[in-house]
Amino acid sequence: MLLSKVARTQHSIKSAILKREVVIDLFIPNDLLGNEILNLLLLNDGQDAKALYLEQTLNELYGKKRLEPTVLVAIHASENRTQEYGIAGAPDFLNRGASASLYRDFVFSELLPYIQEQVGMPILGKKGFAGCSLGGISAFDIVWNNAEYFDFAGVFSGAFWWRKKDLKDGYTDEDRIVHQMIRGTNGMEKVAVDQAPAVRIPGANSVSEGNVSETGGSPKLKFWLMTGTEDETADRNHNLIIDSIDDTIDIIKELLKKGYQRPENITYYEMVGGKHDVETWSKVMPAFLCWAFGRKNAL
(Lines give C-alpha, C1' and ligand atoms only; values in the text may rest on other atoms or scores of the structure.)
Protein backbone atom coordinates (compact mmCIF):
# COMPACT_ATOMS: atom_id res chain seq x y z
CA MET A 1 0.00 0.00 0.00
CA LEU A 2 1.40 3.39 -1.00
CA LEU A 3 0.90 6.17 1.53
CA SER A 4 1.92 9.30 -0.34
CA LYS A 5 -0.03 11.98 1.50
CA VAL A 6 -1.37 12.90 4.90
CA ALA A 7 -4.53 14.71 5.87
CA ARG A 8 -3.93 17.58 8.28
CA THR A 9 -6.85 18.88 10.31
CA GLN A 10 -6.91 21.31 13.21
CA HIS A 11 -9.10 20.73 16.25
CA SER A 12 -9.89 22.52 19.48
CA ILE A 13 -10.49 20.56 22.66
CA LYS A 14 -12.26 22.25 25.54
CA SER A 15 -10.26 20.96 28.49
CA ALA A 16 -11.95 20.88 31.86
CA ILE A 17 -8.64 19.86 33.43
CA LEU A 18 -6.52 22.70 32.03
CA LYS A 19 -9.45 25.12 31.97
CA ARG A 20 -8.65 26.26 28.46
CA GLU A 21 -9.07 25.40 24.80
CA VAL A 22 -6.28 23.13 23.57
CA VAL A 23 -5.56 23.32 19.85
CA ILE A 24 -4.10 20.27 18.12
CA ASP A 25 -3.00 19.56 14.57
CA LEU A 26 -3.88 16.01 13.59
CA PHE A 27 -1.91 14.32 10.80
CA ILE A 28 -3.44 11.06 9.54
CA PRO A 29 -2.33 9.09 6.46
CA ASN A 30 -4.76 9.29 3.58
CA ASP A 31 -6.40 6.23 2.05
CA LEU A 32 -6.24 3.98 5.10
CA LEU A 33 -8.03 0.70 4.43
CA GLY A 34 -8.89 0.08 8.06
CA ASN A 35 -6.76 -3.01 8.53
CA GLU A 36 -3.44 -1.23 9.11
CA ILE A 37 -1.60 -1.34 12.42
CA LEU A 38 -1.58 2.35 13.33
CA ASN A 39 1.19 4.00 15.32
CA LEU A 40 0.81 7.15 17.41
CA LEU A 41 3.12 10.09 18.09
CA LEU A 42 2.24 12.96 20.41
CA LEU A 43 4.35 16.07 19.90
CA ASN A 44 4.58 19.02 22.28
CA ASP A 45 4.76 22.60 21.02
CA GLY A 46 2.51 21.77 18.12
CA GLN A 47 2.18 25.46 17.28
CA ASP A 48 5.56 24.97 15.57
CA ALA A 49 4.23 22.27 13.22
CA LYS A 50 4.51 24.52 10.18
CA ALA A 51 8.03 25.70 11.04
CA LEU A 52 9.03 22.08 11.62
CA TYR A 53 7.75 21.22 8.12
CA LEU A 54 5.83 18.30 9.59
CA GLU A 55 3.32 17.96 6.77
CA GLN A 56 6.00 18.16 4.08
CA THR A 57 8.25 15.73 5.92
CA LEU A 58 5.48 13.19 6.40
CA ASN A 59 4.42 13.46 2.75
CA GLU A 60 8.00 12.91 1.61
CA LEU A 61 8.62 9.94 3.90
CA TYR A 62 5.32 8.29 3.00
CA GLY A 63 5.99 8.94 -0.67
CA LYS A 64 9.30 7.09 -0.35
CA LYS A 65 7.57 4.33 1.62
CA ARG A 66 9.84 4.94 4.58
CA LEU A 67 7.18 5.19 7.31
CA GLU A 68 4.62 2.83 8.74
CA PRO A 69 1.10 4.35 9.08
CA THR A 70 1.28 6.82 11.95
CA VAL A 71 -1.11 9.28 13.55
CA LEU A 72 0.82 12.38 14.58
CA VAL A 73 -0.76 14.77 17.06
CA ALA A 74 0.88 18.18 17.40
CA ILE A 75 -0.34 19.70 20.66
CA HIS A 76 -0.19 23.49 20.76
CA ALA A 77 1.25 25.02 23.91
CA SER A 78 -0.47 27.86 25.71
CA GLU A 79 0.80 31.04 27.33
CA ASN A 80 1.09 28.88 30.45
CA ARG A 81 3.70 26.68 28.74
CA THR A 82 6.38 26.95 31.43
CA GLN A 83 3.85 25.81 34.03
CA GLU A 84 2.24 22.96 32.07
CA TYR A 85 5.55 21.58 30.79
CA GLY A 86 8.04 20.10 33.22
CA ILE A 87 8.11 17.15 35.60
CA ALA A 88 4.81 16.24 37.27
CA GLY A 89 5.02 16.74 41.02
CA ALA A 90 8.49 18.34 40.89
CA PRO A 91 8.55 22.05 39.97
CA ASP A 92 11.92 23.70 39.43
CA PHE A 93 13.53 26.28 41.74
CA LEU A 94 11.27 29.02 40.35
CA ASN A 95 8.19 26.80 40.75
CA ARG A 96 7.93 26.40 36.98
CA GLY A 97 6.22 23.20 35.91
CA ALA A 98 3.72 23.43 38.76
CA SER A 99 0.87 22.43 36.39
CA ALA A 100 2.71 19.52 34.76
CA SER A 101 0.55 16.96 36.55
CA LEU A 102 -2.57 18.65 35.14
CA TYR A 103 -1.08 18.51 31.65
CA ARG A 104 -0.37 14.80 32.10
CA ASP A 105 -3.95 14.23 33.22
CA PHE A 106 -5.22 16.15 30.20
CA VAL A 107 -3.21 13.89 27.90
CA PHE A 108 -4.70 10.70 29.30
CA SER A 109 -8.20 11.74 30.31
CA GLU A 110 -9.11 14.12 27.48
CA LEU A 111 -6.62 14.12 24.60
CA LEU A 112 -6.13 10.40 23.95
CA PRO A 113 -9.85 9.54 24.06
CA TYR A 114 -10.49 12.43 21.66
CA ILE A 115 -7.83 11.18 19.25
CA GLN A 116 -9.25 7.67 19.34
CA GLU A 117 -12.69 9.04 18.51
CA GLN A 118 -11.36 11.12 15.61
CA VAL A 119 -9.25 8.32 14.13
CA GLY A 120 -12.10 5.82 14.27
CA MET A 121 -9.92 2.72 14.30
CA PRO A 122 -7.74 1.12 16.99
CA ILE A 123 -4.23 2.45 17.50
CA LEU A 124 -2.42 -0.81 18.21
CA GLY A 125 1.09 -0.03 17.02
CA LYS A 126 3.93 1.80 18.72
CA LYS A 127 3.12 4.87 20.79
CA GLY A 128 5.52 7.66 21.57
CA PHE A 129 5.75 11.18 22.91
CA ALA A 130 8.28 13.75 21.72
CA GLY A 131 9.17 17.36 22.28
CA CYS A 132 11.84 20.02 22.01
CA SER A 133 13.58 21.84 24.85
CA LEU A 134 11.16 22.09 27.81
CA GLY A 135 8.56 20.21 25.78
CA GLY A 136 11.10 17.42 25.50
CA ILE A 137 11.45 16.81 29.22
CA SER A 138 7.65 17.00 29.53
CA ALA A 139 7.39 14.18 26.98
CA PHE A 140 10.16 12.21 28.73
CA ASP A 141 8.41 12.53 32.10
CA ILE A 142 5.05 11.35 30.78
CA VAL A 143 6.58 8.39 28.97
CA TRP A 144 8.82 7.39 31.88
CA ASN A 145 5.96 7.39 34.36
CA ASN A 146 3.39 5.81 32.04
CA ALA A 147 5.32 3.01 30.40
CA GLU A 148 2.26 0.78 30.40
CA TYR A 149 0.99 2.93 27.53
CA PHE A 150 4.00 4.47 25.79
CA ASP A 151 6.89 2.72 24.04
CA PHE A 152 9.38 5.54 23.55
CA ALA A 153 10.30 9.16 24.14
CA GLY A 154 11.94 11.55 21.69
CA VAL A 155 13.75 14.59 23.07
CA PHE A 156 15.23 17.34 20.89
CA SER A 157 17.67 19.62 22.74
CA GLY A 158 16.01 18.66 26.00
CA ALA A 159 16.00 21.02 28.98
CA PHE A 160 17.71 18.38 31.10
CA TRP A 161 19.28 21.20 33.11
CA TRP A 162 15.85 21.55 34.83
CA ARG A 163 16.83 21.82 38.47
CA LYS A 164 15.42 22.30 41.95
CA LYS A 165 18.17 24.68 43.08
CA ASP A 166 19.52 27.84 41.45
CA LEU A 167 23.18 27.96 40.44
CA LYS A 168 23.88 30.70 42.98
CA ASP A 169 22.31 28.72 45.83
CA GLY A 170 24.79 25.89 46.10
CA TYR A 171 23.66 23.94 43.04
CA THR A 172 25.29 20.60 42.22
CA ASP A 173 24.50 18.19 39.39
CA GLU A 174 22.55 16.13 41.92
CA ASP A 175 19.88 18.86 41.78
CA ARG A 176 18.84 18.09 38.18
CA ILE A 177 15.24 16.94 38.40
CA VAL A 178 15.02 14.52 35.44
CA HIS A 179 18.21 12.76 36.49
CA GLN A 180 16.78 12.44 40.00
CA MET A 181 13.58 11.00 38.59
CA ILE A 182 15.48 8.29 36.73
CA ARG A 183 17.53 7.44 39.80
CA GLY A 184 14.37 7.32 41.90
CA THR A 185 15.96 9.32 44.71
CA ASN A 186 13.71 12.36 44.88
CA GLY A 187 10.80 10.80 46.77
CA MET A 188 8.33 11.35 43.95
CA GLU A 189 5.43 8.94 43.84
CA LYS A 190 5.09 6.70 40.83
CA VAL A 191 2.59 8.45 38.60
CA ALA A 192 1.44 5.39 36.71
CA VAL A 193 0.31 3.62 39.89
CA ASP A 194 -0.45 6.17 42.57
CA GLN A 195 -1.59 9.19 40.56
CA ALA A 196 -2.80 7.63 37.33
CA PRO A 197 -5.62 9.39 35.49
CA ALA A 198 -8.90 7.52 35.65
CA VAL A 199 -9.36 7.24 31.89
CA ARG A 200 -7.24 5.16 29.52
CA ILE A 201 -7.96 4.75 25.83
CA PRO A 202 -8.17 1.35 24.12
CA GLY A 203 -4.86 -0.15 23.10
CA ALA A 204 -2.91 0.47 26.30
CA ASN A 205 -0.82 -2.59 26.95
CA SER A 206 0.20 -3.71 30.40
CA VAL A 207 3.88 -4.32 31.03
CA SER A 208 4.55 -7.76 32.42
CA GLU A 209 8.29 -7.22 32.81
CA GLY A 210 7.85 -4.82 35.71
CA ASN A 211 9.36 -1.40 36.26
CA VAL A 212 12.99 -0.48 36.01
CA SER A 213 12.75 1.80 39.03
CA GLU A 214 10.27 2.68 41.74
CA THR A 215 9.44 5.99 40.11
CA GLY A 216 8.77 4.73 36.60
CA GLY A 217 10.39 3.28 33.54
CA SER A 218 10.09 -0.14 31.97
CA PRO A 219 12.53 -2.49 30.22
CA LYS A 220 10.61 -2.04 26.97
CA LEU A 221 11.12 1.74 26.75
CA LYS A 222 13.31 3.32 24.09
CA PHE A 223 14.79 6.79 24.02
CA TRP A 224 15.88 9.06 21.16
CA LEU A 225 17.96 11.93 22.53
CA MET A 226 19.24 14.73 20.32
CA THR A 227 21.55 17.67 20.93
CA GLY A 228 23.20 20.30 18.75
CA THR A 229 26.81 21.33 19.20
CA GLU A 230 25.64 24.95 19.20
CA ASP A 231 22.58 24.48 21.43
CA GLU A 232 24.07 27.03 23.81
CA THR A 233 27.39 28.36 25.09
CA ALA A 234 26.91 27.72 28.83
CA ASP A 235 29.46 25.42 30.46
CA ARG A 236 28.78 25.11 34.19
CA ASN A 237 31.69 22.80 34.99
CA HIS A 238 34.19 24.41 32.59
CA ASN A 239 34.98 21.13 30.85
CA LEU A 240 34.75 22.68 27.37
CA ILE A 241 31.51 20.77 26.69
CA ILE A 242 28.29 22.78 26.58
CA ASP A 243 25.73 22.00 29.27
CA SER A 244 23.11 20.76 26.80
CA ILE A 245 25.42 17.93 25.73
CA ASP A 246 26.73 17.27 29.25
CA ASP A 247 23.21 17.05 30.71
CA THR A 248 22.01 14.74 27.93
CA ILE A 249 25.04 12.46 28.20
CA ASP A 250 24.39 12.25 31.94
CA ILE A 251 20.80 11.20 31.20
CA ILE A 252 22.21 8.38 29.08
CA LYS A 253 24.54 7.39 31.93
CA GLU A 254 21.60 7.23 34.34
CA LEU A 255 19.62 5.09 31.90
CA LEU A 256 22.57 2.74 31.45
CA LYS A 257 22.79 2.35 35.22
CA LYS A 258 19.14 1.27 35.18
CA GLY A 259 19.96 -1.52 32.75
CA TYR A 260 19.03 0.08 29.44
CA GLN A 261 21.34 -0.71 26.54
CA ARG A 262 22.86 1.15 23.60
CA PRO A 263 21.76 0.97 20.86
CA GLU A 264 18.87 -1.34 21.75
CA ASN A 265 17.13 1.18 24.02
CA ILE A 266 19.04 4.43 23.61
CA THR A 267 19.86 6.41 20.47
CA TYR A 268 21.92 9.58 20.76
CA TYR A 269 21.95 12.02 17.81
CA GLU A 270 24.40 14.92 18.00
CA MET A 271 24.06 17.43 15.19
CA VAL A 272 27.24 19.30 14.36
CA GLY A 273 26.35 22.97 14.12
CA GLY A 274 22.86 22.32 15.43
CA LYS A 275 21.29 25.19 17.35
CA HIS A 276 18.54 25.46 19.93
CA ASP A 277 15.92 26.38 17.38
CA VAL A 278 13.10 25.03 15.26
CA GLU A 279 15.18 25.14 12.09
CA THR A 280 17.64 22.63 13.56
CA TRP A 281 14.91 20.39 14.92
CA SER A 282 13.13 20.36 11.54
CA LYS A 283 16.31 19.05 9.91
CA VAL A 284 16.58 16.08 12.27
CA MET A 285 12.85 15.31 12.34
CA PRO A 286 13.05 12.86 9.38
CA ALA A 287 15.77 10.86 11.14
CA PHE A 288 13.68 10.70 14.31
CA LEU A 289 10.49 9.66 12.51
CA CYS A 290 12.34 6.90 10.64
CA TRP A 291 13.89 5.70 13.90
CA ALA A 292 10.47 5.62 15.54
CA PHE A 293 8.25 4.31 12.74
CA GLY A 294 10.51 3.39 9.85
CA ARG A 295 9.56 0.59 7.48
CA LYS A 296 11.96 -2.33 7.40
CA ASN A 297 11.73 -2.53 3.62
CA ALA A 298 12.12 1.22 3.08
CA LEU A 299 13.41 2.33 -0.29
Query raised in the report: Under 3.5 Å, is there a donor-acceptor pair linking the side chains of T280 and D277?
Result: yes

Requested in this report: Assign the ring pair F152 / W291 to parallel, tilted or perpendicular, where the plane angle (0 to 90°) is split at 30° and 60°.
Outcome: perpendicular

Query raised in the report: How about Y149 and F129: are their ring centres within less than 6.0 Å of each other?
Result: no

Requested in this report: Compute both the distance and the angle, then confirm whether R96 meets the cation-pi test with F93: under 6.0 Å from the six-membered ring centre, within 45 degrees of the axis.
Outcome: yes

Query raised in the report: If you group Ile, Leu, Val, Met, Phe, Trp and Tyr by side-chain heavy-atom gaps below 4.5 Å, do Y53 and I75 land in one group?
Result: no

Query raised in the report: Less than 4.5 Å apart, any side-chain heavy atom of V155 and any of I251?
Result: no

Report task. For the pair S282 (side chain) and E279 (backbone), establish whether a donor and an acceptor sit closer than 3.5 Å, ignoring hydrogens and angles. Result -> yes

Query raised in the report: So, Y269 versus F288, ring centres under 6.0 angstrom or not?
Result: no

Query - F150/W144 aromatic ring centres below 6.0 Å - result: no

Query - Shortest non-hydrogen separation from D235 to D243 and the atoms involved - result: CA-OD1, 3.3 Å

Query raised in the report: Under a 4.0 Å N-O cut-off, is there an ion pair linking R176 with D250?
Result: yes

**Report entry** Residue pair L41 / L289, side-chain heavy-atom distance below 4.5 Å
**Finding:** yes

Query raised in the report: Would you call L111 and V22 a side-chain contact if the rule is heavy atoms closer than 4.5 Å?
Result: no

**Report entry** Shortest non-hydrogen separation from Q47 to A77 and the atoms involved
**Finding:** OE1-N, 2.8 Å

Query raised in the report: Heavy atoms, side chains only, cut-off 4.5 Å: are H276 and W281 in contact?
Result: yes

